[in-house]
Amino acid sequence: MDLQADLTRAIQQAIQSLYTDSSTAAPEPGPVLLQPTKKEFAGAFTYVTFPLTKPLRLAPAEIGQRLGTWLVANSPLVSAFNVVQGFLNISLSDSAYIQSLNGFMAKQQQRVETTDGERVMVEFSSPNTNKPLHLGHLRNIFLGDSVSRILAENGYTVTKTCLVNDRGIHICKSMLAYQKFGQQPDGTFETPQSAGLKGDHLIGKYYVLFDKALKAKIAELVAGGMAEDEAAKKAPVMQQAQEMLRKWEQGDAETVALWEQLNAWVYAGFAETYQKAGISFDKTYYESQTYLLGKDVVEEGLAKGVFYQKEDKSVWIDLTAEGLDHKLVLRGDGTSVYITQDLGTTDLKFSDYHSTRSLWVVGNEQDYHFKVLFAIMKRLGRPYADGCYHLSYGMVDLPTGKMKSREGTVVDADDLIDEVAAVAAQAADEAAKGKLDEFTEVEKKDLFRMIGLGALKYYLLKVDPQKRMLFNPEESVDVHGHTGPFIQYVYARIRSVLRKAEESGLVTNGTADETAAPADHPLHETERDVILILGQYAQALALAGRDYAPSYMAQYVYDLAKAYNRLFAEVSILSEPDAAKTQLRLNLSAAVGETIRKGMGLLGIEVPEKM
RNA sequence: GGUCCCAUAGCUCAGUUGGAUAGAGCAUCUUCCUUCUAAGAAGGCGGUCGUUGGUUCGAAUCCAACUGGGAUCACCA
C-alpha cells in the first residue's frame with residue numbers, strides 16, 4: 001500500500017461526503033495535494049485547505065476541522081489531526097505504518113520484469129581521440145550512465161551509446177607531432193609500452209607537443225610582423241596538419257595506418273578508464289564512419305523545400321519562425337559542417353534502434369546547436385523529433401577558475417580516480433579502527449576504490465546538471481556529511497546488524513504484525529519517519545526518470561540514510577527486549593539497506609558490506 | 001547587439017505541481033562511545049532567497065524590467 005495515495009483518496013472521500021450534498025455548489029475535488037508535515041507540528045502529511053475556501057465559502061480552519069474529524073472517524077489510516085490556520089496536519093495510525101512497510105517489502109521482493117519497454121537511447125561521453133578524458137567528461141559520463149540506469153529502472157529499454165570523434169584536424173595534430181617528435185634515440189617510435197603511458201595519455205602528450213611547436217612558430221612569425229590569426233594559419237606545422245587531414249580523407253594508406261595505430265592506443269586507454277569507472281556502452285559510433293552522412297538529408301530537405309540554396313551553392317535553413325536564425329547546413333563546396341553529420345547520424349541512430357526517445361548528454365555550450373538540430377528534424381517531419389532531448393549540463397569549474405587545457409589546469413580523469421581511492425584509504429586509516437583487519441590487501445584496494453569512486457560520483461551527481469558547478473578537490477573526496485561514503489557507511493552499518501541477527505538465528509524477510517506496535521507501545525518516531533521515506537521511493541524514481549535527474553535520486557537516498565541513522569542512534573535493535581519490535585526493526589533495516597543499494601546503484605555507485 | 005542559462009546562510013548545494021517561522025552539508029561552538037560500525041547522533045550560531053515592480057488568500061517558486069556572472073550567435077567541432 002502507498003500511504004500517501006491512500007490518504008489522498010481518503011481526503012477526497014471526506015470532501016465528497018461532507019460537501020457534495022450541501023446547498024452550495026459541490027467543490028471541484030481537483031487534485032488533492034499533500035505535503036510532508038513540517039517538523040515543528042505533529043503529523044505526517046499536511047493538506048492545505050485554502051483552495052477549498054472559495055468554492056465552499058467557508059473559513060479554511062473550519063474546513064480543516066471538519067475534514068480532520070471525518071478522517072479520524074472514518075479512515076483507519078488516520079489516528080489524529082490538528083489544524084493550524086488553513087493547514088490540516090494528519091497523523092497516521094501505527095497499523096497504517098506497519099501495513100505500509102509490509103507492502104513495501106512485498107513489492108521489493110517481486111522481480112519486476114522490464115522486458116519490452118519503450119526504447120530510449122542515451123548518448124554520452126563522446127570524446128575526441130586526441131587527448132585523455134578529464135573531469136568535465138566525468139560529469140558527462142556519470143550523468144549519462146546514471147540517467148540510463150534510472151530510465152531502465154523505470155521500465156524503458158535503454159541503449160547506451162557513445163559517438164567517438166575519431167577524425168578531424170585535432171587527431172591529425174597529434175599524428176603530425178608523433179611523426180616529428182616520436183622517434184627515440186634508438187630509431188624506433190615511441191609506444192605506450194616503451195613510454196610507460198596509457199595510450200590516450202601518450203597521444204595527449206603529442207597533442208601538447210604540437211601546440212607548443214605551433215605557438216613557438218606563431219611567436220616567431222608575429223615577431224616578424226605578421227598578425228596573430230594569420231600566423232596561426234600560415235605556420236608550417238598547421239599547414240602540414242591540414243595536409244595530413246586531406247590525405248586521410250583521400251584514404252592515403254600510410255596516413256590511415258598511422259591514424260589507426262594511434263586511435264587503437266587511445267581506445268585501449270579509454271577502455272581502461274571506463275572500466276575503472278564502472279561504465280559501459282551498448283553501441284559505439286565512430287565519426288569516421290558517419291561524417292559523410294547527412295548529405296542525402298540535405299538533398300531531401302532541398303527537395304521538400306525545407307532548405308534553400310544560395311548562389312554560392314551553400315545550403316541553409318531559415319529557422320527564424322522558431323526564434324532561431326538562418327543556419328548553414330552544407331558548405332558551398334559541398335562539404336559537411338558539424339550539423340550536416342548530425343543530421344545523418346541522428347537518422348542512422350533511429351534506423352538502428354527505433355528509439356522513440358533519444359537523449360544527448362552534451363555540455364550547455366551546445367544548447368543552440370541542439371535547438372537547431374531538433375528544429376530541423378521536426379521540419380523534415382521525422383517521427384522521432386519530439387522525443388529528442390538535449391540533456392544539457394554546466395561546466396565544472398575549479399577553485400582556481402575555469403579548466404583550460406592550454407594552461408594545463410585540466411584535472412585528468414585517471415589521476416582523479418586514482419587519487420580519490422588513495423584519499424579513501426587515508427580516511428580509512430583514521431576511521432576504520434580495526435573494522436577492516438580481516439580484509440586482504442586486494443579486498444582493501446577494492447573497498448577504497450569503491451569508496452573513492454562513490455565520493456566522486458555522488459559529488460558530481462548530487463548537483464542539478466543544468467547548473468555550472470564548482471569542483472572542490474577536498475570536498476569531492478570527503479566522507480562526512482552529505483556525501484556518497486556517508487550513505488555507503490549507513491549501508492555497511494545495516495549489513496553489520498543483519499549479519500549479527502542472522503548469527504542469532506533471526507530472519508529478516510518476514511513480515512511484521514501489528515503486535516510490534518500495540519497501543520501501549522507505539523512506534524518510535526524515527527521508525528515512522530523511515531517508513532514514510534521508504535514509501536516515497538517509487539515517486540522519487542518516477543520523478544528522476546521524468547526529469548532525467550540523478551540529483552533527485554541522490555537527494556532521496558541521502559534523506560533515507562540520514563533518517564535511518566537517526567533511528568540507529570535512538571533505538572536498539574538486537575538488544576531490544578520486545579521480540580516483535582526487534583523483528584520490525586530488522587525488517588525495516590533490511591528494507592532500507594536494499595533501497596540504499598538500489599538507489600545508489602542507480603547513481604552507478606556500489607555499496608560495501610563493511611567499512 | 002540578438003538569444004539561452006545561472007543568482008538561496010561565510011563556502012558548496014537542496015527546495016516536486018505557488019503554501020506554515022526557507023532546508024542540508026562544510027566551517028565554527030557545545031554535548032554523547034564499558035551497549036547493534038562515532039566514516040555516527042543531538043544541539044547552538046548563521047538568510048532583506050541578486051534588485052524593483054506585478055499576478056493572489058498566499059511567491060525562493062509564476063510574469064516583466066533591471067543588475068551581476070556564464071554560454072552562444074563561424075562555410076570550427
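Atoms considered below: every heavy atom in the structure, side chains included; atoms not considered: hydrogens, waters and symmetry mates. Lettering follows sequence order; numbering is per chain, from 1. Source: prediction; values computed, not measured.
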Subject >> Listed nucleotide nearest any side-chain atom of K562(A), set U37(B), A39(B), A41(B) >> reply: A41(B)

Original post:
Charged N to carboxylate O below 4.0 Å: is that the case for K562(A) and D559(A)?
Top reply: no

**OP:** Looking only at side-chain atoms of Q35(A), point me to the closest of G19(B), U72(B), C36(B).
**Re:** G19(B)

**OP:** Identify which nucleotide among A20(B), G19(B), C26(B) has an atom closest to any side-chain atom of F50(A), counting heavy atoms from C-beta outward.
**Re:** G19(B)

Output a table of nitrogen or oxygen pairs between the protein and nucleotides 60-63 of chain B separated by less than 3.5 Å.
none

Subject >> U37(B) phosphate, OP1 or OP2, under 4.0 Å from K500(A) side-chain N/O >> reply: yes

Original post:
Which residues pass the salt bridge (charged side-chain N to carboxylate O under 4.0 Å, His left out) test with K234(A), sequence neighbours left out?
Top reply: E230(A)

**OP:** Taking only the side-chain nitrogens and oxygens of Y338(A), find out if one of them lies under 4.0 Å from OP1 or OP2 of A77(B).
**Re:** no

Subject >> Heavy-atom closest contact (Y393(A) atom, G363(A) atom, distance) >> reply: CE2-N, 3.3 Å

Subject >> Presence of K402(A) side-chain N/O under 4.0 Å of A71(B) phosphate oxygens OP1/OP2 >> reply: yes

Original post:
If you measure from the ring centre of F568(A) to the centre of the six-membered ring in the base of G40(B), is it under 5.5 Å, with the planes under 30° apart?
Top reply: no

Original post:
Does OP1 or OP2 of A41(B) have a side-chain N or O of N565(A) closer than 4.0 Å?
Top reply: yes

Subject >> By salt bridge (charged side-chain N to carboxylate O under 4.0 Å, His left out) - contacts of D529(A) (at least two apart) >> reply: R566(A)

**OP:** Name all residues meeting the salt bridge (charged side-chain N to carboxylate O under 4.0 Å, His left out) criterion together with R546(A); count only those two or more places apart in sequence or in a different chain, and write none if there are none.
**Re:** none

Original post:
Distance check: side-chain N/O of R493(A) vs OP1/OP2 of A38(B), anything under 4.0 Å?
Top reply: yes

Subject >> Contiguous pairing runs of three or more, Watson-Crick or G-U under 3.5 Å, that involve RNA chain B >> reply: B:1-7 with B:67-73, B:10-13 with B:23-26, B:28-32 with B:40-44, B:50-54 with B:62-66

**OP:** Just compare C73(B), A39(B), A77(B) and give me whichever is closest to any side-chain atom of Q366(A).
**Re:** A77(B)

Subject >> Aromatic F439(A) / basic K444(A) pairing, under 6.0 angstrom, 45° off normal >> reply: no

Original post:
If you measure from the Lys or Arg side-chain nitrogens to the Asp or Glu carboxylate oxygens, is any gap between E525(A) and K39(A) under 4.0 Å?
Top reply: no

Original post:
Between the base of A74(B) and the side chain of D325(A), is there a donor-acceptor distance below 3.5 Å?
Top reply: no

Original post:
Do the side-chain N or O atoms of R331(A) get closer than 4.0 angstrom to the phosphate oxygens (OP1, OP2) of C76(B)?
Top reply: yes

Subject >> Inter-nucleotide P distance (C11(B), C4(B)), Å rounded >> reply: 29 Å

Any protein N or O atoms within reach of nucleotides 11-15 of chain B? Criterion: under 3.5 Å, listing atom names and distances.
from   : atom 1 : to      : atom 2 : distance (Å)
C13(B) : OP1    : L470(A) : N      : 2.7
A14(B) : OP1    : D464(A) : N      : 2.4
A14(B) : OP2    : K467(A) : NZ     : 3.0
A14(B) : O2'    : Q555(A) : OE1    : 3.2

Original post:
What's the closest nucleotide to the K371(A) side chain, out of C4(B), G40(B), A24(B)?
Top reply: C4(B)

